[in-house]
4 protein chains.
Amino acid sequence: MARPPRDTKRAPSGERKVFRRRQEILDVAARIFYEKGYDATSTRDIAEAAGLLKGSLYYYVETKEDFLFEIIRTSHEGALATLERVRLFEGDVLQKLACLVREHLAYFVQNLVTTSVYFREFRVLSPERRAIIAAEGDAYLEFVRSLLFAGQRDGVIAPEIDVRLVSIGLVGMLNSAWLWYQPGGARSTDEIADEFVKVIVAGVASNGAFDTAGSASKLRSAAVERPVAALPRQD
Amino acid sequence: MARPPRDTKRAPSGERKVFRRRQEILDVAARIFYEKGYDATSTRDIAEAAGLLKGSLYYYVETKEDFLFEIIRTSHEGALATLERVRLFEGDVLQKLACLVREHLAYFVQNLVTTSVYFREFRVLSPERRAIIAAEGDAYLEFVRSLLFAGQRDGVIAPEIDVRLVSIGLVGMLNSAWLWYQPGGARSTDEIADEFVKVIVAGVASNGAFDTAGSASKLRSAAVERPVAALPRQD
Amino acid sequence: MARPPRDTKRAPSGERKVFRRRQEILDVAARIFYEKGYDATSTRDIAEAAGLLKGSLYYYVETKEDFLFEIIRTSHEGALATLERVRLFEGDVLQKLACLVREHLAYFVQNLVTTSVYFREFRVLSPERRAIIAAEGDAYLEFVRSLLFAGQRDGVIAPEIDVRLVSIGLVGMLNSAWLWYQPGGARSTDEIADEFVKVIVAGVASNGAFDTAGSASKLRSAAVERPVAALPRQD
Amino acid sequence: MARPPRDTKRAPSGERKVFRRRQEILDVAARIFYEKGYDATSTRDIAEAAGLLKGSLYYYVETKEDFLFEIIRTSHEGALATLERVRLFEGDVLQKLACLVREHLAYFVQNLVTTSVYFREFRVLSPERRAIIAAEGDAYLEFVRSLLFAGQRDGVIAPEIDVRLVSIGLVGMLNSAWLWYQPGGARSTDEIADEFVKVIVAGVASNGAFDTAGSASKLRSAAVERPVAALPRQD
DNA sequence: GATGAATGAGGATTCATTCAT
DNA sequence: GATGAATGAATCCTCATTCAT
């Protein structure tokens, strides 16, 4: 018999009910933010959609921004969690890369509303909160980089590739999904992912080297200081 | 040589003066939108930065949204104009593709403020105005597609690539630049572009084909109905 | 005796309270509109007079025009309601006509503020709202007409009278009351009404159908202090 | 050869031109006030309709209210001038009364725009200006009264009538014309006037003093399409 | 847990008016 | 005579937030 996870002092079912209600409201809020944008959404909109009055929201939350933060944090953490599956994936670097692409896109698709809110509204968060998300988010980019570095070490990824820049581009590409993915589209997520995998892996793999000698200038290895946020970070 | 009949004394310099002042204000507005976001920017912020009073802005503009629209439209049209240079570029498809990547990134870098405002705030535009931009914007994606199709016809681009999806991914990748590009970064735009070119071209080129057969599921050829917006479109 | 199931504890007194407060504010607004005119009255004026802040008005109303509409609608419906008493009045057509004049004037006098606001500001209402009022309002004129027509049928009203035109003139005359009626004037409403009755009935009655002397109460000769402006004056 | 009336020191034609232009602008303003109401009309509306810019109006006028005052004053003086014709009319009191009704209505019809503006907007004038108009205006009512008193002296007007009240009612009736008169209506002004004359004269005349049948011109029975609003309707 | 009533600061916008040119 | 650019005060309205009940 599982115990209620935390804070069990009393009124366990009561507390859980509040928790559930709160989650309901957050879901409602996410959907409205998704549809109208954060700034264009009033607390009244949220309250009405959740079936209570404006003022009553403040039982669950302290400021309107709290809604946004909770939504973004949850979305972000979910995205980071997909990395775990990539880590556990058995295969070489290229296969892991393919796995990452698939997981990333799958997560987007399954969480389109919150993911979109995250990407659209990240910047309205307070600097402090932005920093919290950003810190976690760097881990994602770091993971991609380490994957690419490992691939170079293993010889399956072209050595002339600038890992920092390419990882940014790759993540940027995947992160654009919320802008074009259509829930009822003609392709399954898997099909979309496969297509991306094809191009990305071919792009970075060493055995498929394309002679870009002519067009590429000599690359110094200096890093781009403030690269793309990680998976879901956008600032 | 006859002089233009009337309006000559005042109108040209006069009209130009309003025009110039208006442009000044638009530039100021763009910068503030860039720094604080559209919704967080008050008309008073703009007015003060431009050296007039709140109300005086309305001599140049009818609504606050007009500022945004003007900024976005200009940014968007500038981006579309880069396609002309790609069209005129002499070379095969892969070289043209490389050219497009360079021009795209160069435009972003040189117009970071307006481009960023465009991407961040596109959705606050009224549906009508969004539609205006979107309509023009489809041309960009269409161009990329025709380029890839031509490459497949010429045999330089892998035939198994789904042009629609890949063009979306490619454009999505380039469009993410505003999120990570740092004006004073260690890399020149050319270097960054070269890096992207390397990966992209390698990714789509047929001669460097990577065997993705294992990872790719069977692809049906149905199109994605409403794929990513064009270059600068985002909705 | 079962109590109404829910909402009973709070709702009735609660709802009534808002309702009452709203009515208070409407009354205050009517008075200020009466004194300064609608356009010259700011929401701040209303709020201050009602003892709240500008913004707080919008808890009770959605736009400033709502105040006006509510005032006018109430005034209008009250006026229409007087017709009921005329309908129930026992007597011949001429006596009913006399009754109508008295009721009409009595209503004006007892509701001078709202009636005046109605007449002064009717045109600032939106076309939609104007139409709502107007639709109801036609009933009044229609009633007067049917009364006059009935009188012609009965032979008590001169057959050569154009009922449509005369009813307009009659109503126009009564409706001018708000322009000249003085609350503290030397004449009672009854006396004023009698005077009008005399002239109107004499004006429309067939020869000999109405005994002027009988219907008039004893008139004192005191003047109405601030009567209607002259020809075109209206204040 | 008539000399320019006043202020002939110099630039007679120049001054006249300004005068004419000013009158043009006043006419334009009157029409817009008539259509939209004074408060809803901006100086820009007037300027545009007159073919110049907002600021340029102030060459002709010092404040927006000046437009209104000029319009109302002109309208008012024109109305008063009709009294002259009534004074000169040869006939007994009842005939003079009939003449007054006709002149009054004729003036309204021929000056519907300015008359309506006068009635609608009189109250937005400053107290000082209102007083100016009002002072002149009392003469009108005074004239009507003296007419009725004379009629009582001559025995053609019923002695039991309260002249003050009845004159108010009579004028109120005539003054309501702007609310219901329709330029393209089925009745001529004369026909309308005759109808009013019939009732009014019958209403005030001593028994048998006035032959109703004789004074009325032949009446067609066509209806007035959009007559006065109902009781409290005013549009 | 939720409501109802209000707050108070700030928002975009309007507009009569001015005045140097 | 008219323009163009700006003023500055006022306007209606929005909205996140509070708190006694």
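Residue numbers begin at 1 in each chain, while the letters A, B, ... track the order of the sequences.
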Worksheet item: Heavy atoms, side chains only, cut-off 4.5 Å: are Thr74(A) and Thr114(A) in contact?
Response: no
Item to complete: Among dC15(F), dA12(E), dC13(F), find the nucleotide with the atom closest to the side chain of Ser42(B).
Response: dA12(E)
Practice prompt. Provide, to the nearest angstrom, the distance between the CG atom belonging to Leu68(A) and the C1' atom belonging to dA16(F).
Written response: 15 Å
Worksheet item: If pairs are Watson-Crick or G-U with both distances under 3.5 Å, what is the dot-bracket string of DNA chain F, marking crossing pairs with [ ] and pairs to another strand with |?
Response: .||||||||||||||||||||
Worksheet item: Residues two or more places apart in sequence or in another chain: which of them pass side chain to side chain contact (heavy atoms under 4.5 Å, CB included) with Ala47(D)?
Response: Leu52(D), Leu57(D)
Item to complete: Write down the distance between NZ (Lys64(A)) and P (dT18(F)), rounded to a whole number of angstrom.
Response: 15 Å
Worksheet item: What pairs with Thr63(B) under side-chain hydrogen bond (donor to acceptor under 3.5 Å, both in side chains), at least two apart in sequence or on another chain?
Response: Asp66(B)
Worksheet item: Looking across every strand, which nucleic acid part, if any, lies under 4.0 Å from Arg21(B) by heavy atom: base, sugar-phosphate, or nothing?
Response: sugar-phosphate
Item to complete: May I ask you to list the residues of residues 45-62 of chain D, by number, that have any heavy atom positioned under 4.0 Å from an atom of DNA chain E?
Response: Lys54(D), Gly55(D), Tyr58(D)
Using distance only, find each side-chain donor-acceptor pair of residues 25-34 of chain D under 3.5 Å and give its atom names and separation, not counting sequence neighbours.
from     : atom 1 : to       : atom 2 : distance (Å)
Asp27(D) : OD1    : Gln23(D) : NE2    : 3.2
Arg31(D) : NH1    : Glu35(D) : OE2    : 3.4

Practice prompt. Compare every heavy atom of Lys54(C) with every heavy atom of Thr43(C), then report the nearest pair and how far apart it is.
Written response: OG1-CG, 3.6 Å
Fill in: Residues that Ile132(A) engages under side chain to side chain contact (heavy atoms under 4.5 Å, CB included), provided they are two or more places apart
Phe69(A), Glu136(A)
Worksheet item: Do you know the tightest heavy-atom contact between Arg22(D) and Tyr60(D)?
Response: NH1-O, 2.6 Å
Item to complete: Any salt bridge (charged side-chain N to carboxylate O under 4.0 Å, His left out) involving residues 40-50 of chain D? Give me the pairs, sequence neighbours left out, ordered by first then second residue.
Response: Lys36(D)-Asp45(D), Arg44(D)-Glu48(D)
Worksheet item: Of the nucleotides dG1(E), dA5(E), dT17(F), which has the atom closest to the Val18(C) side chain?
Response: dA5(E)
Discussion item. Between Arg130(B) (side chain only) and Phe122(B) (backbone N and O only), is there a donor and an acceptor less than 3.5 Å apart?
Written reply: no
Discussion item. Just the rounded figure in Å: distance from C1' of dG1(E) to CZ of Arg20(A).
Written reply: 15 Å
Fill in: Spacing between Phe67(A) atom CZ and dC15(F) atom P, to the nearest angstrom
15 Å
Practice prompt. Residues of residues 26-41 of chain B with any non-hydrogen atom less than 4.0 angstrom from an atom of DNA chain E: list those, numerically ordered, please.
Written response: Thr41(B)
Discussion item. Side chains of Tyr38(D) and Asp39(C), heavy atoms from C-beta outward: is any pair under 4.5 Å?
Written reply: no
Worksheet item: Over how many whole Å does the gap from Arg44(C) atom CZ to dA9(F) atom C1' extend?
Response: 12 Å
Worksheet entry | Qualifying residues under side chain to side chain contact (heavy atoms under 4.5 Å, CB included), relative to Ser126(C), sequence neighbours excluded | Glu65(C), Glu128(C), Arg129(C)
